[in-house]
Amino acid sequence: MKAIVQDRYGSPETLTLADVDAPVPAGDEVLVRVEAAALNAYDWHAMRGDPRMARLAMGRSRPRARVRGRDFAGRVEAVGPQVQQVRPGDAVFGDLGDANGAFAEYVCVRETLVAAKPANLTPQQAAALPLAGITALMGLCDVAQVEPGHRVLINGASGGVGTLAVQLATVLGASVTGVCSTRNVDLVSSLGADHVFDYTRDDFTHDTRRYDIVFDLVGNRSLTALRRVLTPTGTLVLSGGGVYRGGSLIGPMGLIVRGRLLAPFVRHRIAILTTAPSRRHLDTLRAHAESGRLTPVIDRTYPLHEVPQAMRYLEGEHARAKVVITI
């Protein structure tokens with residue numbers, strides 16, 4: 001089968017289209033013919049091995065997972081003998097987690113990490129949901145516990161996670177403020193934001209508004225600045241992926257480490273968001289999508305052989321919403 005492989009850390013040029021053996025499903029796995037896959041900030045971190053501290057988990061000298069990509073949508077081709085809820089022919093979507101492998105014609109995934117594709121979404125739209133959607137869902141619901149009437153600020157509102165977080169926070173009944181660049185103000189407003197800061201003109205951290213929850217998806221502000229706009233008992237959720245700026249030792253992890261150290265000593269609640277794929281969250285995303293409350297926004301699509309170009313576009317801070325690969 002065709003797949004995008006990588007044998008050393010580096011730029012998008014290290015990603016190549018190659019013929020590799022098709023995977024064979026184990027007992028609790030399903031084999032999916034991939035129709036679409038989506039890029040995430042995670043993918044360029046894994047490609048670059050950046051920040052370098054992350055290589056302790058991803059592989060010290062080269063990526064442990066040779067085929068890139070996490071998010072996918074497609075159709076089940078075969079199932080292992082222990083699989084009970086998925087059948088050949090089912091349209092599914094999911095997140096492979098750290099195993100990677102979605103930038104390929106076929107992928108094997110545990111049954112617990114896939115769910116039925118939202119019936120009203122194309123494979124490209126469905127592929128755009130898993131990691132970004134789970135991040136938004138866990139950040140707002142599981143961690144921040146957003147309730148009707150809460151004032152929520154989303155820093156990075158036009159990104160893959162941000163565009164979904166704006167919609168989900170609106171569904172939850174919150175008053176939503178988004179932060180984005182000039183060209184994305186109309187997009188963020190159209191997704192349900194009550195107010196939008198254009199960060200090229202205004203600094204939200206010096207505004208007089210205060211928020212019950214600040215959901216930081218960028219990692220470009222200090223803890224002091226982010227806490228400044230919280231109510232006295234507000235919650236700061238940190239999940240910044242950053243952008244590539246030539247390599248770093250700890251990258252956005254620095255803000256997260258400082259947040260962990262500070263959390264026990266301040267009145268504000270500082271929460272570090274860690275995500276993990278699960279069918280429960282995928283089912284929730286499907287329900288929101290099928291009800292019309294949640295619609296993935298796709299910036300660009302690329303064919304499989306142009307994944308290097310897609311990754312270059314993503315990591316340069318030019319992408320908004322999701323970049324999707326058609327296979």
Side-chain angles (χ1 to χ4, degrees), residues 1-20 34-52 54-55 57-59 61-74 95-105 107 123-133 135 156 158-164 181 184 217-219 239-248 251-252 275 296-327:
M1 70 170 185
K2 299 291 185 183
I4 295 294
V5 302
Q6 181 185 22
D7 293 312
R8 60 184 175 87
Y9 291 121
S11 70
E13 284 66 38
T14 62
L15 304 174
T16 59
L17 184 67
D19 289 305
V20 300
V34 180
E35 296 176 315
L39 273 64
N40 296 282
Y42 171 91
D43 296 309
W44 75 253
H45 282 293
M47 176 188 74
R48 295 276 184 179
D50 183 80
R52 289 187 293 277
R55 297 186 186 188
M58 295 186 296
S61 60
R62 61 182 180 179
R64 288 197 181 99
R66 190 172 182 234
V67 180
R68 297 269 63 79
R70 288 182 57 154
D71 289 350
F72 67 92
D95 174 4
L96 294 168
D98 294 340
N100 287 268
F103 299 158
E105 293 177 319
V107 67
Q124 290 75 25
Q125 289 174 309
L129 266 181
L131 178 55
T135 302
S158 63
V161 178
T163 51
L164 297 172
S181 65
N184 295 320
L217 300 168
V218 186
S239 182
V243 294
Y244 184 67
R245 301 192 186 281
S248 63
T275 61
V297 179
I298 296 176
D299 182 2
R300 294 188 181 184
T301 60
Y302 294 81
L304 181 62
H305 69 275
E306 291 185 2
V307 165
Q309 292 93 313
M311 196 73 78
R312 192 176 301 111
Y313 177 67
L314 176 73
E315 71 171 353
E317 202 175 6
H318 301 298
R320 64 176 182 174
K322 297 297 294 185
V323 176
V324 174
I325 306 301
T326 56
I327 301 172

- Task: Could you tell me the separation between the CZ atom of Arg300 and the CD atom of Gln309, rounded to the nearest 0.5 Å?
- Result: 11.0 Å

- Task: Please answer whether the main-chain N or O of Ala38 pairs with a side-chain N or O of Asp71 as donor and acceptor at a distance below 3.5 Å.
- Result: no

- Query: Taking atom CG of Leu164 and atom NZ of Lys322, what is their separation to the nearest 0.5 Å?
  - Reply: 7.5 Å

- Note on the structure: Taking every heavy atom of Ala310 against every heavy atom of Val323, the minimum-distance pair comes out as CB-CG1, 4.0 Å

- Task: Could you pull out the closest heavy-atom pair between Leu96 and Ala102, with the gap in Å?
- Result: CD1-N, 3.5 Å

- Query: What do the steps show when you test Asp19 against Lys2 for salt bridge (Lys or Arg N to Asp or Glu O under 4.0 Å), and what is the final call?
  - Reply: CA-CA 5 Å; Asp19 289 305; Lys2 299 291 185 183; 3.1 Å; yes

- Atom pair CG (Leu39) and CG (Leu314), whose distance is rounded to the nearest 0.5 Å: 5.5 Å

- Query: Where is the tightest heavy-atom contact between Leu304 and Ala104, given as atom of each residue plus distance?
  - Reply: CD1-N, 4.2 Å

- Query: Any side-chain heavy atom of Tyr313 within less than 4.5 Å of one from Asp299?
  - Reply: yes

- Message: Could you measure the distance from the CZ atom of Arg312 to the OG atom of Ser11? Nearest 0.5 Å is fine.
- Response: 7.5 Å

- Message: Within the 3.5 Å criterion, strictly below it, is a donor on Tyr42 or Asn100 matched to an acceptor on the partner's side chain?
- Response: yes

- Any side-chain heavy-atom pair of Ile298 and Gln124 under 4.5 Å: yes

- Task: Could you check if a side-chain atom of Arg70 sits within less than 4.5 angstrom of a side-chain atom of Asp98, using non-hydrogen atoms only?
- Result: yes

- Task: Report the distance from atom CD of Gln6 to atom CE of Met47, rounding to the nearest 0.5 Å.
- Result: 7.0 Å

- Query: Of the non-hydrogen atoms in Met311 and Phe103, which two are nearest, and what is the gap between them?
  - Reply: CE-CE1, 4.3 Å

- Item | Ser239 and Thr135, any side-chain heavy atoms less than 4.5 Å apart | yes

- Message: I want to check something: taking the side chain as every heavy atom from C-beta on, are Leu17 and Ile4 in contact at a cut-off of under 4.5 Å?
- Response: yes

- Item | Minimum-distance pair of heavy atoms, taken over all atoms of Asn184 and Ser158 | ND2-OG, 3.2 Å

- Message: Tell me the closest heavy-atom pair linking Pro63 and Asp7, and the distance in Å.
- Response: CD-C, 4.4 Å

- If you round to the nearest 0.5 Å, how far is CD of Glu315 from CG of Asp43? 11.0 Å

